[in-house]
K.L.:
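Please find one structure pasted underneath; my questions will follow.
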Amino acid sequence: MLKDNRIFRRLFGEQYDIQHRLLNIILVVGILGVGFACLMSVVMHQNTITQILSFLCFILFIIIYWVANKLKRSQIAIISFAILFNNLILPALFITSGGIESGMPLWCLMGFVFPFLLIKGRSCIAVFVISITEFILVIIYSYYHPEVIMKMSSLKVVLTDMVVTMIAVVVVIASIFRYQTYLYEKQKNTITKAIRNANDAIKQKQNFISNVSHDIRTPMDSIIGFTELAKKNIDNKEKLEDCLEKITRASGHLMNLINEVLDISKIDSGTSVVEENLCSIHSIIDNVCQIMQHEVEQKKLKIELDYSMLDEDVLSCDDVRLNQILLNLVSNAVKYSYEGGKITISVIQLSTDDESVILNEFHIKDEGCGMTPEFLEHVFEPFARDKTSPVAADGTGLGLTIAKSLTEILGGEITVVSELGNGTEFTVSIPLSIPSLSEIEEEEDIVIYDFKGRHVLVVDDNQLNREILVEALREEGFIVDEAIDGSFAIEKLRDSEPGTYELVILDLQMPVMDGYETTKIIRNFKDSRVAQIPIVAVTADALPEEKTRAFNCGVNAYLVKPVDMPAMLKVLMLFFRENKRS
């Protein structure tokens, strides 16, 4: 195709604006046309002045082409070309090439069109007015002084010149309109495609909102319903414990739905970061099975674990991401399994060229409803759901998309084999590093820490959140003081003896004084014992840019609500291990 030609792209590619591309069309056709006219002027033995002017015009076209495309000064080239060509070359050629009885009126006509096509802004009007005024004056002057016009030698020469000029002018104008039509069609196709994509995006968004709305309401209904039931059975310990257990499970399901939406946003923005730690493959898979235990028991499923091909259990990997990948795949297997079915989870380890890296294949196989070949092609797409599936399942339609994206972030790949009515098998292949002996010993050195007597300050404007966190910390042995916003926290730190508080747990979104401003003020305290106090941010905002902002202000750790107490205690343990009391 012409548009794929290298020369075509160089002259008329999208690196240039429309005026520059039109100028190149005129220059290319003009160089060819004027070059042919120069040749004809020699062959037909036109007068010397006409030949010189024709060659000057040819050189002008080349110079303007060089200025526009080599020096990248298209507007200067366009204005210079229009002024020189219209106001000097054309009037001179009109006089020396036969005047009205030649092809010059056609060349002049083309020259008058140039300003409107090529020059930006109001400058085009000024150039046009000057050009047309000068041409009219030349016509009038030649009418009253016909002797100034150098007539052509014969009628044959006149006709030849007019034919050559007509062909050249028609080619230039036709090329311009042809190219503009091409651009119009291209823009129309682009706009049509954009509208189609926008409509598809709106439809996907509507489907997503509908799905998420439905899926969030399901656990919310359970939480609200069992909370009311718990209130009515406050004296029935057995019934109360059952309600609380179901509220906990529904809350976990709701949290998973929210995390899926946040995760796909982070993946799309490219902000997911791989954080490698020592982890146990056994532990990760056992944790996934424990999380899914309730759903497994409800459907009377059987989970078989096969570790026969697992040689290295402790590896260096992003355990959070790996856990999430496997959880999404096992959750999918549970959703689409028939009651009483079986799910097999197996691990196969394969050697690689790098002795410090081992390839881990995680196979999750179910005996459920399977997928149609048509849906199999779209299974990893966002919001994809198999409407023909005989098993109805809740979810955002993001689980498999997230699993695939996270697998690729970890440098692996995910494949799926499925047959309608005969189940599905997902295979995740991820290369993981084998840790050195010193790394394993260092990790095993971490023990449960005694927090008894440690003095911390909890800052949160939400009374319920603050009360839950304070009670949980006091159960671990902490001495806890409270503040309802950043201004009260600053007062407590200023009024207390430096070193009284060993750590601050700080909400970021608060009225009066938020966590960001509070952190900046603390870091500017004169006493280093206060200025350097560890600050743990606890917030409901999981966006990566807010995390970056918090660290830039001076926080030492960033945890997302709802607070996971084991994760919180692990973070606190690290700070207190580094700052042991004398």
Side-chain angles (χ1 to χ4, degrees), residues 262 266 269 271-273 275 449-474 476-582:
L262 293 176
K266 287 167 66 178
S269 64
T271 55
S272 286
V273 179
E275 298 180 359
Y449 195 84
D450 182 11
F451 297 108
K452 188 175 181 181
R454 291 291 192 177
H455 203 164
V456 300
L457 176 62
V458 174
V459 188
D460 196 325
D461 65 299
N462 187 290
Q463 182 179 352
L464 183 59
N465 290 346
R466 192 173 67 251
E467 182 180 342
I468 292 171
L469 182 55
V470 167
E471 289 302 318
L473 290 171
R474 284 174 177 165
E476 296 294 332
F478 285 98
I479 300 172
V480 186
D481 284 347
E482 306 174 44
I484 60 173
D485 64 48
S487 62
F488 283 96
I490 297 300
E491 284 185 16
K492 284 183 177 291
L493 289 168
R494 185 179 290 121
D495 296 341
S496 61
E497 185 71 22
T500 300
Y501 296 108
E502 300 174 77
L503 185 140
V504 176
I505 300 173
L506 180 68
D507 183 26
L508 293 180
Q509 302 296 338
M510 296 182 294
V512 184
M513 183 184 291
D514 63 23
Y516 303 103
E517 186 65 26
T518 305
T519 301
K520 292 177 182 178
I521 294 175
I522 293 174
R523 293 299 178 231
N524 288 321
F525 264 71
K526 292 182 179 180
D527 195 304
S528 61
R529 288 173 292 179
V530 179
Q532 296 176 10
I533 189 170
I535 300 176
V536 178
V538 179
T539 177
D541 199 335
L543 296 177
E545 53 267 29
E546 294 303 319
K547 184 176 181 179
T548 301
R549 180 187 172 194
F551 279 116
N552 289 339
C553 289
V555 304
N556 301 97
Y558 190 96
L559 298 175
V560 179
K561 294 180 180 179
V563 176
D564 178 20
M565 280 310 298
M568 165 76 81
L569 295 176
K570 185 176 180 180
V571 169
L572 300 183
M573 176 186 67
L574 293 174
F575 285 121
F576 289 129
R577 286 181 73 215
E578 293 177 0
N579 301 279
K580 294 182 179 179
R581 288 177 292 194
S582 55

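For reference, positions follow the sequence shown, starting with 1. Bear in mind the structure is a predicted one, so any value in this text is a computation, not a measurement.
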K.L.:
So which pairs with a foot in residues 528-538 pass salt bridge (charged side-chain N to carboxylate O under 4.0 Å, His left out), sequence neighbours left out?
P.N.:
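Qualifying pairs: Asp527-Arg529.
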K.L.:
Name all pairs fulfilling the ring-ring contact (aromatic ring centres under 6.0 Å, His included) condition that reach into residues 505-541, sequence neighbours left out, sorted by first residue then second.
P.N.:
none
K.L.:
Closest approach of Ala489 and Ala483, non-hydrogen atoms and distance?
P.N.:
N-CB, 3.7 Å
K.L.:
Any chance you could measure Glu502, atom CD, to Phe478, atom CZ, to the nearest 0.5 Å?
P.N.:
9.0 Å
K.L.:
With sequence neighbours left out, what residues match Glu517 under side-chain hydrogen bond (donor to acceptor under 3.5 Å, both in side chains)?
P.N.:
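Expected list: none.
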K.L.:
Does any non-hydrogen side-chain atom of Ile521 lie less than 4.5 Å from one of Met513?
P.N.:
yes
K.L.:
So, using salt bridge (charged side-chain N to carboxylate O under 4.0 Å, His left out) as the criterion, who are the partners of Glu471 when residues are at least two apart?
P.N.:
Arg474
K.L.:
Determine whether Leu473 and Arg454 make a side-chain contact, defined as any pair of heavy atoms from C-beta on separated by less than 4.5 Å.
P.N.:
no
K.L.:
State which residues pass side chain to side chain contact (heavy atoms under 4.5 Å, CB included) with Asn462; sequence neighbours excluded, sorted by chain then number.
P.N.:
Asp460, Leu464, Asn465
K.L.:
Give the minimum heavy-atom separation between Met510 and Gly486, together with the two atoms involved.
P.N.:
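For Met510 and Gly486, the tightest heavy-atom pair comes out as CE-N, 3.7 Å.
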K.L.:
Go through the steps to decide whether Val536 and Asn556 satisfy the test side-chain contact (heavy atoms from CB on, under 4.5 Å), and finish with yes or no.
P.N.:
CA-CA 6 Å; Val536 178; Asn556 301 97; 5.8 Å; no
K.L.:
Just to verify, which of Val480, Asp481, Ile479 counts as forming a side chain to side chain contact (heavy atoms under 4.5 Å, CB included) with Leu457?
P.N.:
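Among Val480, Asp481, Ile479, the one meeting side chain to side chain contact (heavy atoms under 4.5 Å, CB included) with Leu457 is Asp481.
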K.L.:
Please work out whether the ring planes of Tyr558 and Phe551 are parallel, tilted or perpendicular, with thresholds of 30° and 60°.
P.N.:
tilted
K.L.:
Only counting residues at least two apart or in another chain, list the ones meeting salt bridge (charged side-chain N to carboxylate O under 4.0 Å, His left out) with Arg494.
P.N.:
none
K.L.:
Hey, are the side chains of Leu569 and Glu476 touching, using non-hydrogen atoms and a 4.5 Å cut-off?
P.N.:
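A side-chain contact under 4.5 Å exists here.
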K.L.:
Of all heavy-atom pairs between Gly515 and Leu506, which one has the smallest distance, and what is that distance?
P.N.:
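So the two residues come closest at O-CD2, 3.4 Å.
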K.L.:
Distance check, rounded to the nearest 0.5 Å: Asn552 atom CG versus Thr519 atom OG1?
P.N.:
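It is 11.5 Å, given to the nearest 0.5 Å.
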K.L.:
Could you name each residue pair satisfying ring-ring contact (aromatic ring centres under 6.0 Å, His included) that touches residues 483-502, not counting sequence neighbours?
P.N.:
His455-Tyr501
K.L.:
Under the salt bridge (charged side-chain N to carboxylate O under 4.0 Å, His left out) rule, what pairs show up with a residue in residues 506-515, not counting sequence neighbours?
P.N.:
Asp507-Lys561
K.L.:
Measure the spacing between CD1 of Ile468 and CE of Met565 and express it to the nearest 0.5 Å.
P.N.:
11.0 Å
K.L.:
How far apart are the C-alpha atoms of Leu572 and Leu503, what are their side-chain angles, what is the distance that settles it, and do they pass the side-chain contact (heavy atoms from CB on, under 4.5 Å) test?
P.N.:
CA-CA 8 Å; Leu572 300 183; Leu503 185 140; 3.6 Å; yes
K.L.:
Would a 4.5 Å heavy-atom cut-off, applied to side chains only, mark Ile535 and Arg523 as touching?
P.N.:
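Yes, close enough: below the 4.5 Å cut-off.
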K.L.:
Residues in side-chain hydrogen bond (donor to acceptor under 3.5 Å, both in side chains) with Ser496, at least two apart?
P.N.:
none
K.L.:
For Asp461, what residues pass the side-chain hydrogen bond (donor to acceptor under 3.5 Å, both in side chains) criterion, not counting sequence neighbours?
P.N.:
none
K.L.:
Once you round to the nearest 0.5 Å, how far does CD of Glu482 lie from CD1 of Ile505?
P.N.:
11.5 Å
K.L.:
Would a 4.5 Å heavy-atom cut-off, applied to side chains only, mark Leu559 and Met568 as touching?
P.N.:
yes
K.L.:
Identify the two heavy atoms, one from Asp485 and one from Pro511, that lie closest to each other, and give their separation to 0.1 Å.
P.N.:
CB-O, 3.6 Å
